[in-house]
Student: 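First the structure, then my questions, so here it is.
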Amino acid sequence: MKSVQELRELRERTKAALAVRDREGGPRIVVCMGTCGIAAGARDVLRSLLEELERQGRDDVTITQTGCKGLCEREPMIEVLIPGSAPVTYGSVTPDVVKQIVDDHIIKGQVVSEYAIAIGSEGN
């Protein structure tokens, strides 16, 4: 850090990067980041999600992280929550699958049944 201006710029970039966790009202994607998920490639999935949503110009999607959901053999897993629709949990997600989920589920509202392992929850 060489100046206060550089520090301010760093603060603004960091705030913009963290804003992806705080949006309300739009779709939300939860990435399972337990040790089993990370070992299976969840960090690559998270990175791919961020890149694909940026490429698609979707700044209304919130991405958050959670721990292990107990289906370690199906990691990496993500959960897609769209207001007014049942939550969908996807398993065995790869960076290539991320593009399909964003295109079909987030943009078109169609569940990618090939990778869906649960639709709805106990409360729905």
Student: Which pairs, with at least one residue in residues 109-118 and sequence neighbours excluded, count as a side-chain hydrogen bond (donor to acceptor under 3.5 Å, both in side chains)?
Tutor: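 Every pair satisfying side-chain hydrogen bond (donor to acceptor under 3.5 Å, both in side chains) with a residue in residues 109-118: there are none.
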Student: Which pair of non-hydrogen atoms, one from Pro76 and one from Gly41, has the smallest distance, and what is that distance?
Tutor: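 Between these two residues, the closest heavy atoms are CG-C, 3.8 Å.
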Student: Looking at Pro27 and Ile82, what are the two nearest heavy atoms and their distance?
Tutor: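 What the structure gives for the nearest pair is CB-CG1, 4.2 Å.
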Student: With sequence neighbours excluded, tell me which residues meet side chain to side chain donor-acceptor pair (under 3.5 Å) with Gln5.
Tutor: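 Once residues adjacent in sequence are excluded, the partners of Gln5 under the side chain to side chain donor-acceptor pair (under 3.5 Å) criterion are Glu9.
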Student: Taking salt bridge (Lys or Arg N to Asp or Glu O under 4.0 Å) as the cut-off, I'd like each qualifying pair that reaches into residues 71-82, sequence neighbours left out, listed once.
Tutor: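 Qualifying pairs: Lys69-Glu79.
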Student: So if I apply the side chain to side chain contact (heavy atoms under 4.5 Å, CB included) rule between Val4 and each of Lys2, Arg8, Glu6, which one comes out positive?
Tutor: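 Testing each of Lys2, Arg8, Glu6 against Val4, the sole residue satisfying side chain to side chain contact (heavy atoms under 4.5 Å, CB included) is Arg8.
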Student: Measure the shortest side-chain to side-chain distance between Ile101 and Ile78 over non-hydrogen atoms and say whether it is less than 4.5 angstrom.
Tutor: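 Ile101 reaches Ile78 side chain to side chain.
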Student: Going only through I, L, V, M, F, W and Y residues with side-chain contacts under 4.5 Å, is there a path from Leu81 to Leu53?
Tutor: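 No, Leu81 and Leu53 fall in different hydrophobic clusters.
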Student: Hey, can you pull the donor-acceptor pairs under 3.5 Å for the side chains in residues 44-52, sequence neighbours left out?
Tutor:
residue, atom, partner, partner atom, Å
Asp44, OD1, Arg47, NH1, 2.8
Ser48, OG, Asp44, O, 2.9
Glu52, OE1, Arg55, NE, 3.2
Glu52, OE2, Arg55, NH2, 2.7
Glu52, OE2, Gln56, NE2, 3.0

Student: With a cutoff of under 4.5 Å between side-chain heavy atoms, which Ile, Leu, Val, Met, Phe, Trp and Tyr residues group with Met77?
Tutor: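 Hydrophobic cluster check, Met77: joined to Leu71, Ile117.
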Student: For Lys108, which residues count as a salt bridge (Lys or Arg N to Asp or Glu O under 4.0 Å) partner, sequence neighbours excluded?
Tutor: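 Partners of Lys108 by the salt bridge (Lys or Arg N to Asp or Glu O under 4.0 Å) criterion, ordered by chain and then number, come out as Asp104.
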Student: Enumerate, atom names and distances included, each donor-acceptor pair closer than 3.5 Å involving a side-chain atom of residues 86-95, sequence neighbours excluded.
Tutor:
residue, atom, partner, partner atom, Å
Tyr90, OH, His105, ND1, 2.6
Tyr90, OH, Val112, N, 3.0
Thr94, OG1, Asp96, N, 3.4
Thr94, OG1, Val97, N, 3.2

Student: Could you list all the ring-ring contact (aromatic ring centres under 6.0 Å, His included) pairs where at least one residue sits in residues 49-77, not counting sequence neighbours?
Tutor: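 Listed by first then second residue: nothing to list.
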Student: What residues form a side chain to side chain contact (heavy atoms under 4.5 Å, CB included) with Thr66, not counting sequence neighbours?
Tutor: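 Partners of Thr66 under the side chain to side chain contact (heavy atoms under 4.5 Å, CB included) test: Val30, Cys32.
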Student: Give me each pair satisfying ring-ring contact (aromatic ring centres under 6.0 Å, His included) with a member in residues 36-57, each pair once, sequence neighbours excluded.
Tutor: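 For residues 36-57: none.
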Student: Is there any ring-ring contact (aromatic ring centres under 6.0 Å, His included) pair reaching into residues 24-57, and which pairs are they, with sequence neighbours excluded?
Tutor: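 Qualifying pairs, neighbours excluded: none.
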